[in-house]
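Each remark here refers to the structure printed beneath this line.
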Protein chains: 2
Amino acid sequence: MRVRIKDIAEKAGVSTGTVDRVIHNRGNVAPSVKAQVEQVMNELGYKRNLIASTLAYNRTIRLAALVFNEEDPYWSQISSGIEKAREATLHYGVWVDTFLCDQRNPQHFAKSVQQILDSRPDGVLVAPLFLKEGTQFLRTCGEKKIPVALINTQMSEAKALCYIGQDSYQSGFVAARLLNFGMKKRATVLLLNLDSQAADAQHLLDKERGFRDYFRKDHSKSVRIIAENFAAYDQPKALQSWFGKFLQNHPDLAGIFVTNSRAYLLLDALENKTLEDINVVGFDLVPPNLAHLKANRINFLINQNPVLQGYMGIINLVNHILLKQKVSEVQYLPLDIVVRENCDYYLKGNLSYPLAIY
Amino acid sequence: MRVRIKDIAEKAGVSTGTVDRVIHNRGNVAPSVKAQVEQVMNELGYKRNLIASTLAYNRTIRLAALVFNEEDPYWSQISSGIEKAREATLHYGVWVDTFLCDQRNPQHFAKSVQQILDSRPDGVLVAPLFLKEGTQFLRTCGEKKIPVALINTQMSEAKALCYIGQDSYQSGFVAARLLNFGMKKRATVLLLNLDSQAADAQHLLDKERGFRDYFRKDHSKSVRIIAENFAAYDQPKALQSWFGKFLQNHPDLAGIFVTNSRAYLLLDALENKTLEDINVVGFDLVPPNLAHLKANRINFLINQNPVLQGYMGIINLVNHILLKQKVSEVQYLPLDIVVRENCDYYLKGNLSYPLAIY
DNA sequence: TTGGGGGTTGTGCGCGCGCACAAAAGGATA
DNA sequence: TATCCTTTTGTGCGCGCGCACAACCCCCAA
């Protein structure tokens, strides 16, 4: 049988109310009595009963989550992780509100975070895609003492509760290692940002740094890296013609590293032509990427665990606010290397998540 | 506010006791009243409050877990997963007893499972390493209606509650794919079972099948596969001299696939001599394997998620017994491909597990 | 001696549910 | 109509904890 407050009270010769005051540090306890109670607690190894505690606490905490355009498969996976967390914490009196935002529009982001602030949440989950607006938002939350969990994009200088996501630098490093497999002694590789805000996005810069560093350290080959941004990624024709020209200018192209989840857009634009002897590394197990992976048009995908990012973000807020536990400031998720032969298991695995609430 | 039993009772014009009887199907409710209550429940979308329910239920369920020799790093990781699950479910009134067993001794296994049966547990977690004894045990549990969660070794013909672990066939397939990287057109590869019961172990046979099938389907190369069992794996000298001879007989050896977590024993035995141009694929992120991975003596490790196996095994028993949820019979864990560049993230990731208890 | 007041301690209710038991209703028989 | 039995329905306590409030003690001033 586990130790209850009542057991402590009896052994220490006080009432349960006094023990309660000691446990919660509410004061108004005579120092000698406090010491006595604390000693008994240590002796018996008291641990509060989370179930009873949650029931009696009987308040709801309200969390706000900023989610981006649902049409983008990557962001919809993050949303589904948030939804899972919502279901899992419902019993604990947690309410999660989601606010939708356009991923390409900084103004809209600013408006959305203002809405979030107006709703006076107890905690916030956000992917700070826009450097300026994100920093500003973090500062405001700091002033209002609202804990913020960051996902997807790390902001080292701003002080959030935690960051959950990948080590961007290392993911670029791993991508380089994967492209390096079976590559010729001399070759050109393309680092392609299919993003409208590439210059602003710290995580893309970090990936590039990691990517370059790998080839800098490996002297066995002579590799030329060409980095390109292509912002109009949703215009297949433009993408196709741009890449056609690139290929003409670089006939020795041996590998392509697409720095986000949009590798499929390039291959869609090429109308499923197979790129002979050109390896492609991308991110994320979104359905269109998976189709190309299965068809050997993408060789490797690095999984960023979007579902887990959303899920753990919420869970960490709950751990901090409700359960008053320490949470680590940086929580890097594994850099899953996904090939055609093992991709199925990453998809099924999302179904059932184990328990972080102790 | 969430819907409570009391709300249902009021709206349906009955007492909470009656609603309770309907919810738990305890009978003794007039058919018309039952229908009425059920309708109101659907209308309001009642979901039982797991927290209050667990508190009021106020019983402990006792689970038994069979764990193997703690010295083996693989099994100690499984144990640590079980321990995490124990902590996570303590609040829900779950008690986990562990029974230690020698992984090389079928008789000891039989004795241990008898001890487990004598303790009359509500559920059992076991890795059925020994085919005959495992089958027998599963049959007995079936008769006594004790649910069994299997990990590590799948037993297709026996009817357990669930299996949690890898798809062995596919893991062999992936291993072959990894060895295939950068391999010459003609080569010999070694499939090495460092196990005393290799012929008996279904999962090792499945891995071999998957491994062979990969090369059978890929006609671009001509690969000769030599499968060997070496039972005295804990005698470095013997292992060293045996492998030395093997290498003499097969100078074109291009790859080694060690089918379990003991790849490090081979490399230890070779006293860290680097095997030039021989790729090594093994299993599991146990410390000695990691050391060889970091030193480039092992090229790939496939992670079997031992911690997660132990953890999810217990969680699934709790889901079934306490929460009366459906659990899927086969739960394959991802086949993580681990290289030097991403191994660190799989180690940290074990720290905090999210929540499967809804 | 009485009356306050601050510091300290004890008591009791409620959270939502499970379950035992009491109460009531309906039906059959004498 | 009274009695007994069966079926159905209602009531109340307890799970362990959080928190509001009541009760108590002791010291000092009037």
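Here is the naming used below: chain letters follow the sequence lines, and residue numbers restart at 1 for every chain.
Summarising the geometry of A:S328 relative to A:Q331, their closest heavy-atom pair is O-NE2, 3.1 Å, with the distance given to 0.1 Å. Shortest non-hydrogen contact noted between A:Q154 and A:Y163 is N-CE1, 3.5 Å.
Between atom CD1 of residue B:I82 and atom CD1 of residue B:I151 there is a gap of 5.5 Å, rounded to the nearest 0.5 Å. In this structure, CG on B:D122 lies 7.5 Å from OG1 on B:T60, to the nearest 0.5 angstrom.
Protein atom CD1 of A:I23 is 14 Å distant from nucleotide atom P of D:dG16, rounded to whole Å. In this structure, the CD atom of B:Q36 is 17 Å from the P atom of D:dT8, given to the nearest Å. At whole-Å resolution of the value, CD in B:E10 and P in C:dG16 are 12 Å apart. Residue B:I51 contributes atom CD1, which lies 16 Å from atom C1' of C:dG14 at whole-angstrom precision. Regarding A:N49, its CG atom lies at a distance of 7 Å from the P atom of D:dG16, rounded to whole Å. D:dG18 atom P lies 11 Å from atom CG of A:L322, rounded to whole Å. The interatomic distance linking A:I8 (CD1) with D:dG16 (P) rounds to 13 Å, in whole Å. Here C:dC13 presents its P atom at 17 Å from CG of A:N58, a figure rounded to the nearest Å.
Using bins of under 30°, 30° to 60° and over 60° for the plane-to-plane angle, the ring pair A:F68/A:F109 lands in the parallel bin.
Pairs of residues two or more places apart, or lying in two chains, that qualify as salt bridge (charged side-chain N to carboxylate O under 4.0 Å, His left out) and include a residue from residues 16-28 of chain A are A:D20-A:R26. Residue pairs meeting the salt bridge (charged side-chain N to carboxylate O under 4.0 Å, His left out) criterion with at least one member in residues 33-55 of chain A, sequence neighbours excluded, are A:K11-A:E43.
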(Q) Before you tell me yes or no, could you show the steps for A:V307 and A:I78 under side-chain contact (heavy atoms from CB on, under 4.5 Å), namely the whole-Å CA-CA distance, both residues' side-chain angles and the distance that decides it to 0.1 Å? (A) CA-CA 5 Å; A:V307 181; A:I78 289 198; over 6 Å; no
Q | side-chain contact (heavy atoms from CB on, under 4.5 Å) between A:V67 and A:W75, intermediate numbers included | A | CA-CA 7 Å; A:V67 303; A:W75 292 109; over 6 Å; no
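In terms of phosphate contacts, B:Y46 brings a side-chain nitrogen or oxygen within less than 4.0 Å of OP1 or OP2 of C:dC17. Regarding contacts with the backbone of D:dC19, a side-chain N or O of A:R59 is found under 4.0 angstrom from either OP1 or OP2. Taking 4.0 angstrom as the limit, B:H24 places a side-chain polar atom (N or O) nearer than this to OP1 or OP2 of C:dG18. OP1 or OP2 of C:dC19 has at least one side-chain nitrogen or oxygen of B:R26 nearer than 4.0 Å.
Put simply, the side chain of B:Y346 does not reach to within 4.5 Å of the side chain of B:N305, judged on heavy atoms.
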Q: Determine, for nucleotides 22-28 of chain C in 5'-to-3' order, which nucleotides have protein heavy atoms under 4.0 Å from the base (write B), from only the sugar-phosphate (write S), or from neither (write -).
A: -------
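Using a 4.0 Å heavy-atom cutoff across all strands shown, B:D20 reaches at least one base atom of the nucleic acid.
In the set D:dG16, C:dG18, D:dG18, D:dG18 carries the atom at the smallest distance from any side-chain atom of A:I5.
Nearest-nucleotide positions on DNA chain C for B:T16 and B:L55 put B:L55 closer to the 5' end.
Rounded to 10°, the angle separating the first-five-pair axis and the last-five-pair axis of the helix from C:dT1-D:dA30 to C:dA30-D:dT1 equals 80°.
Judged purely by atom type and a 3.5 angstrom limit, B:Q77 uses its side chain to pair as donor or acceptor with the backbone of B:L285.
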Under 3.5 Å, which protein N or O atoms sit close to an N or O of nucleotides 7-9 of chain C? Give each pair with its distance.
residue: C:dT9; atom: OP2; partner: A:A30; partner atom: N; Å: 2.9

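B:E83 is linked by a salt bridge (Lys or Arg N to Asp or Glu O under 4.0 Å) to B:R86, counting only residues two or more places apart in sequence or in another chain.
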